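Because the structure is a prediction, the values reported are computed rather than measured. Just so it is clear: chains get the letters A, B, ... in the order the sequence lines come, proteins before strands, and each one is counted from 1. Computation of the quantities below employed the complete heavy-atom set of this structure, encompassing side-chain atoms and omitting hydrogens, waters and symmetry-equivalent molecules.
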Number of protein chains: 2
Amino acid sequence: MKLADLAAMAGVSTATVSRALSGHPSVSKTTQERIRALAREHGVRPNQLARNLRMRSTGAIALAMPLGHARTQHLTDPFFLSLLGFLADLLVDRGYDILLSRVLPENDEWLDRLVDSGRVDGVLLVGQSDQYDTIERVAARYAPLVVWGVNRPEQKHLTIGSDNILGGRIAATHLLGLGRNRLLFLGDPAPPEFADRLAGFRDAAGTTAVEVLSCEMDPDAVHAAVGARLAQGDAPDAIFAASDVAAMSALRALTEAGLDVPGDVAVVGYDDVTLAAHTSPPLTTIRQDLVTGTRLMVETLLRRIAGEPATSAIVPPELILRASA
Amino acid sequence: MKLADLAAMAGVSTATVSRALSGHPSVSKTTQERIRALAREHGVRPNQLARNLRMRSTGAIALAMPLGHARTQHLTDPFFLSLLGFLADLLVDRGYDILLSRVLPENDEWLDRLVDSGRVDGVLLVGQSDQYDTIERVAARYAPLVVWGVNRPEQKHLTIGSDNILGGRIAATHLLGLGRNRLLFLGDPAPPEFADRLAGFRDAAGTTAVEVLSCEMDPDAVHAAVGARLAQGDAPDAIFAASDVAAMSALRALTEAGLDVPGDVAVVGYDDVTLAAHTSPPLTTIRQDLVTGTRLMVETLLRRIAGEPATSAIVPPELILRASA
DNA sequence: ATCGGCACTGCAATCGATTGCAAAGAAGTT
DNA sequence: AACTTCTTTGCAATCGATTGCAGTGCCGAT
């Protein structure tokens, strides 16, 4: 049922119907009530496409994760999914719809298509993956674009992210404070976030050597890698995992190897996903403050949409002490 | 850059540009190539809104979770999030965009608005929550609507779901087969899925009594409830949790109480979320086959969009044997 | 020379809502 | 009575693409 139909029924023009439904003051109270009642009765729901086309605004935000390297990581990673959940909450609260695009970048046009499609008022990207250059290029001409990820000097696109270097430092400091000195970093050091975590970890470890156990980030691969490493003997006494999911796989491999956590090996994770509090033993981890982070992302984006200036921001990570370290 | 601009540059009409870009055969090869080249050069990306309005099709599917009772459950529940992930994958593969709507049903119009907005070609709902009647009403007039959830007799809307009654039966049979006879069901028996799981569990338990420990589904509440129950003494020797997340909280409470799993208490979860394989001990659970389930949802929806007939389906659950039971 | 047929291309309507401008009618003023 | 002012409504343009139908020009056939 469209406005024109209602107009015919009410014996007025579509213009009047449009104005009546939007509460435009230049339509008499009488007519307005009459049309409103008729609209309710017949279940009139205006076509949003037409409206958006005319209004040049859509009330929708694109939410996309470029999946450059790790195709699988994002689906299983509760961290990304809860980031998505928080963002969805905030956007819905502000009356925005969400156009979800899981992007497998096949060429460097994907982001152009998204921003030029006219279907969204702004774009939120989760992770830079290996698309840093594309993002930079598009951000130069398209303002309402905010990215969750790392911030490099000279960078043009707006990012919100947590301070991964500091996070790594905190982890190392805590483990050294426990008297551990055979440190192991567990994870794939390629993605920029993880690279920073490792850098901070090494930095704060100072003269203490840091072994790097590099592996794919999916749970099975991590579990296998840790198992294989433990089989070599000469186990580390502390593991800093690049993510909580990796830490949980490590926990299992350690248990299977008959090692006690934290007695024999202390384990520190990263993210503080919901389940981290519910492993056994509960996971000590570096929390990324998603509540603040996602709020900042949305506020920054809305500011950009409104044409106001906005800047990148970094939210500090925080050590969450539980039983595993 | 819109088609009209390009048309002006190329010295042709927008009609010709439109036809050239869409590869319409009645545009000469020469002109077509010339326009294509010009389009590439100037980065022309047609406005999708206008296109969709004219074509009366959008290339987008709405994905919504009505959150009737448990506001918080869905965000933290990895099962729902991974369902969403699978669906997103499948839809993206088929060239659809996804309009994500986290719905907090305030009135019974939310679904009408969604289907009548003109912004999507079809709607996928995850869970019926307490919106069964609304869904029934809208499904009666709107075909491309598929729901993940339970299927009741006389039901008009299409559902894909797993057989929760059978799942409950399998759990009970397995636990009885282990010689356990002090059975406890853990979770909120109100939502239809959980009610079915409990019903099947009771059914297969036969004369063996089933204790029900009813609690909210968020991890802290479950953990507290199990802790309190164990403090009473007279512990059960088998727990069937309504979800894996609940089972993991139970695992932790059991460990804290000094009980061995599965020695003292066997634990069976439900869903088989990714992390279920990585708890300690790894969780025996009833798998909901999301790969099949989500594929069916998407296929069924596409069939409905194409105007073909389609029916509801139930995917059988499966016992995944790990160490916890 | 005329005409039929073919290959292109453009005009203009269309999708469904919004909105500036003008006009009609009512009310008030002198 | 004539004129202004205000309220209320409708006409028609607009957003940007798609597409049926008509028109142009060129070819060979008669």
Side-chain angles (χ1 to χ4, degrees), chain A residues 1-39 42-60 95 97 112-121, chain B residues 1-39 42-60 95 97 112-121:
Chain A
M1 178 66 131
K2 55 184 187 175
L3 292 206
D5 300 341
L6 225 207
M9 300 182 54
V12 296
S13 69
T14 58
T16 302
V17 173
S18 170
R19 283 189 272 247
L21 293 181
S22 68
H24 196 285
S26 81
V27 161
S28 74
K29 284 227 163 50
T30 338
T31 329
Q32 200 151 130
E33 266 320 307
R34 193 164 55 89
I35 294 179
R36 283 256 173 75
L38 222 50
H42 292 85
V44 171
R45 271 162 298 261
N47 183 304
Q48 294 300 313
L49 278 188
R51 171 168 218 280
N52 294 340
L53 177 59
R54 179 62 227 253
M55 307 281 277
R56 313 178 124 278
S57 101
T58 65
D97 284 311
D112 296 276
R113 254 200 287 278
L114 197 56
V115 304
D116 291 328
S117 71
R119 279 186 298 191
V120 293
D121 296 339
Chain B
M1 180 66 132
K2 54 185 188 174
L3 292 205
D5 300 341
L6 225 208
M9 299 182 55
V12 296
S13 69
T14 58
T16 301
V17 173
S18 170
R19 282 190 272 248
L21 293 181
S22 69
H24 196 286
S26 80
V27 165
S28 72
K29 284 230 164 47
T30 339
T31 326
Q32 201 150 134
E33 264 321 307
R34 191 164 56 87
I35 294 180
R36 284 258 174 74
L38 222 49
H42 291 85
V44 171
R45 272 163 298 262
N47 184 305
Q48 294 299 313
L49 278 190
R51 172 167 217 282
N52 294 340
L53 177 61
R54 179 63 226 249
M55 308 281 278
R56 311 175 128 280
S57 102
T58 65
D97 284 312
D112 297 277
R113 254 200 286 278
L114 197 57
V115 304
D116 291 328
S117 71
R119 281 186 297 192
V120 293
D121 296 339

Whole-Å distance, Glu33(A) CD to dT8(D) P, equals 14 Å
Between Arg34(A) and Ala10(A) (side chain of the first, backbone of the second, donor and acceptor by atom type, cut-off under 3.5 Å), is there such a pair? yes
Report the C-alpha separation of Asp5(A) and His42(A) in whole Å, then their side-chain angles, then the decisive distance to 0.1 Å, and conclude whether the side-chain contact (heavy atoms from CB on, under 4.5 Å) test is met. CA-CA 10 Å; Asp5(A) 300 341; His42(A) 292 85; over 6 Å; no
Asn52(B) CG to dT14(C) C1', in whole Å, measures 15 Å
Step by step, work out the side-chain contact (heavy atoms from CB on, under 4.5 Å) result for Asp97(A) and Gln48(A). CA-CA 12 Å; Asp97(A) 284 311; Gln48(A) 294 300 313; over 6 Å; no
Could you pull out the protein-nucleic contacts involving nucleotides 16-20 of chain D (nitrogen or oxygen on both sides, under 3.5 Å)?
from	atom 1	to	atom 2	distance (Å)
dG16(D)	OP1	Arg56(A)	NH2	2.2
dG16(D)	OP2	Lys2(B)	NZ	3.1
dG16(D)	N2	Ala50(B)	O	3.3
dA17(D)	OP1	Asn47(B)	N	3.0
dA17(D)	OP2	Leu3(B)	N	2.8
dT18(D)	OP1	Arg51(B)	NE	2.9
dT18(D)	OP2	Ser18(B)	OG	2.6
dT18(D)	O2	Arg54(B)	NH1	2.3
dG20(D)	O6	Arg19(B)	NH1	3.3

Under 4.0 Å, heavy atoms only, any strand: does Val12(B) hit a base, just the sugar-phosphate, or nothing? sugar-phosphate
Strictly distance-based, threshold 3.5 Å: is any side-chain N or O of Arg36(A) a donor or acceptor partner for the main-chain N or O of Ala20(A)? yes
Close side-chain approach of Val17(B) to Val44(B), heavy-atom, < 4.5 Å: no
Give Ser28(A) one of three labels, base, sugar-phosphate or nothing, depending on what nucleic acid heavy atoms sit under 4.0 Å from its own. sugar-phosphate
Using atom types as modelled and distance alone, determine if a side-chain donor or acceptor of Gln32(B) lies under 3.5 Å from a backbone N or O of Val27(B). yes
Atom pair distance, as rounded to whole Å: NZ in Lys29(A) and C1' in dT9(D): 17 Å
